[in-house]
Amino acid sequence: MKKTLSTLFILLVMATVAITDSTSFTIHVIGDSTVATYKSSVYPQTGWGQVVGSFFNESQVLINNVAIGGRSSKTFFTDGRLAALKSQVKPGDYLFVQFGHNDRYFGSNARQVPLDSFAYFLKIYLDSAKSWNAIPVLVSPMVMNAWSNGTMRNVFTENGSDYRGVMEKLAKEQDVAFIDLNMRSYEDCKKWGQTYITSFLYHHYDVGDYPNWPQGSNDGTHFQENGSVSNARWIANEIASLSSSTYLSNQTKQNLLPLISSLKPHYVVTVKANKSVSGLISKTASFPAGAPLTLRVKPASGETFEYWADADCRQVSTSQIYYGIQAPGKPTTYTAMFKGGSACVQASVPSSSSNEVSSSSSVEVSSSSVIVIRPEILSWVDMANPDSGSGTTDVNHEGYTGEGFWNIENALGSKAFYQLESKNASTNAVMAIRYANGSTETRSMKVTLDGWTYSVVFPPTETWATWDTIFVEDVWVDAVSMPLVIESTSETGGPNIDALGLSVLGLTREGSITSIEMISKNKSLLFSNNNPVQILLFDALGTCFLNQQFSSFEYENFMSSLAPGVYYIKGIQEGKTFFEQRVTKKK
Ligand code: GCU
């Protein structure tokens, strides 16, 4: 029986039970100027609340940084800023609270909080979070760049003024997560030494270091971007250890699980030099994909820095401060090249690999309530127009998505090149390629994504207007721009290529439309003839709650009929899957 949209609307109203994405939450960040978000006009000054987001899976976690300079645990509250947050907090959100810098005694000051009142004010944040069904997390204040006779001071614990200790004691009494940023930063900064942390972590610049600070800056309280990334890393490492905490109740650990499990993996960025130089050079450290990265050298007198070389020994910058780059989603190496040093040695990179592929044609579509689909393919790009390549963009076979398909030249070694961007990284992504192979033979291609090569075999699809999707497992995806090259491995060339999808959110290509637009703008292409369309709708857990034939399908209307939540939607026409896509309907 054919149904129209109005019937669908009624169906959906009935079917929208428990389909919100339970893994999504917001971290509300409360604190002072060491945490706050800064304008680009003062770059590289940065607070950790500004960069902590790249340590979490961006598709699950939002950061709401409401930290503001000059506030103590008292004045943030008396300003009405905690009360103002109430309307933004959802059950299951987290409230990170860091105070101490303005609470500490500086002489008579309205914002000051004496040590014996610190717990009183902090507890207001814990009580508010709990009353909003949010999970509070206390973050102890990171150290200041204070030294005495060559020994690092910890201004938050010394001289009977133990703000850190008061916070820890309260956290334990209240069964609240305690992130000991104070101790982590103290231990590492002490080890790294005053000279290094002054110029590489704190908001301290020499004349000429950064265009926004022509006169330089001398500040041992605030941080440059690299310092705030270090603070965020210490925080992330503390979060990772919470599950083995001995003071938290099982219930609180349970509440912290979404936070802990949304942490992204870190990869080591090795920084070395081509000679043993005296002077300073960025320390080797680990970063999640997409975190801001700054590489810096401060050569000792008599040394001449020439350039930065990447893992392949390519020259990437001649600047002593190389900034504005992002950490890749894999281990990498940078070498600081100095005059008179040895030649650059290529870091051993994982060699190209061949991967097993599986065709979707074996996926069974039944009318039972649970259907195996590939919901992990979260974003698609149209492949009709490569940046360069031998072949043509064609529209002469129906059933393609987007602006057409790429018909690669039938020749051994024919290629097409696409520049892709991915917001997220993964070491074991699934890549999907939608294709048609109307010949009677399989066709093979080498698909190279960011230097990794996968051999993909495309079985025949009967006709050139019959489209199928092939899946490649264990694909390495960087959270940066990635070149994609497809190359025929025989004289018959490759199949016609329609679209490419990945199991990470946020895959895009400049000048190319995305899958959602493919569906909404070109619905007539998707549903090219008047044959009925079968629409399957799955909840966030993959359970199918709608499997219906429609005579017409209007994507926009369909979306507006959905209750807020996360869905997988799959469209089938004439027995073939036309698209499968994760969609988020916002409130
Ligand atoms: C046919 C078909 C093309 C296809 C070609 C091929 O000409 O129309 O779309 O690309 O075969 O063998 O590759």
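Every number for a ligand or one of its atoms is a count from 1 in the order of the listing. All residue numbers refer to positions in the sequence shown, counting from 1.
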Item to check | Distance, nearest 0.5 Å, that separates CG of Asn64 from OH of Tyr94 | outcome: 15.5 Å
Checklist entry - When rounded to the nearest 0.5 angstrom, what distance separates CD1 in Ile486 from OG1 in Thr448? => result 10.5 Å
Item to check | More than 12 heavy atoms of other groups within 6.0 Å of Gln315 CD | outcome: yes
Checklist entry - Does NZ or CZ of Arg233 lie under 6.0 Å from the centre of the six-membered ring of Phe287, at an angle within 45° of the ring axis? => result yes
Under 3.5 Å, N/O to N/O: give me all the pairs between ligand 1 and the protein, one per line with atom names and distance.
from     : atom 1 : to     : atom 2 : distance (Å)
ligand 1 : 8 (O)  : His397 : NE2    : 2.7
ligand 1 : 9 (O)  : His397 : NE2    : 3.1
ligand 1 : 9 (O)  : Asn496 : ND2    : 2.8
ligand 1 : 10 (O) : Asn407 : OD1    : 2.8
ligand 1 : 10 (O) : Asn407 : ND2    : 3.2
ligand 1 : 10 (O) : Asn496 : OD1    : 2.8
ligand 1 : 12 (O) : Asn410 : ND2    : 3.2
ligand 1 : 12 (O) : Arg443 : NH1    : 3.3
ligand 1 : 12 (O) : Arg443 : NH2    : 2.9
ligand 1 : 13 (O) : Asn410 : OD1    : 3.2
ligand 1 : 13 (O) : Asn410 : ND2    : 3.4
ligand 1 : 13 (O) : Arg443 : NH1    : 2.8

Next on the checklist: If we check side chain to side chain contact (heavy atoms under 4.5 Å, CB included) with Ile63, which of these qualifies: Val52, Thr37, Val51?
Outcome noted: Val52
Next on the checklist: Please enumerate all residues that pass side-chain hydrogen bond (donor to acceptor under 3.5 Å, both in side chains) together with Lys446, with sequence neighbours excluded.
Outcome noted: none
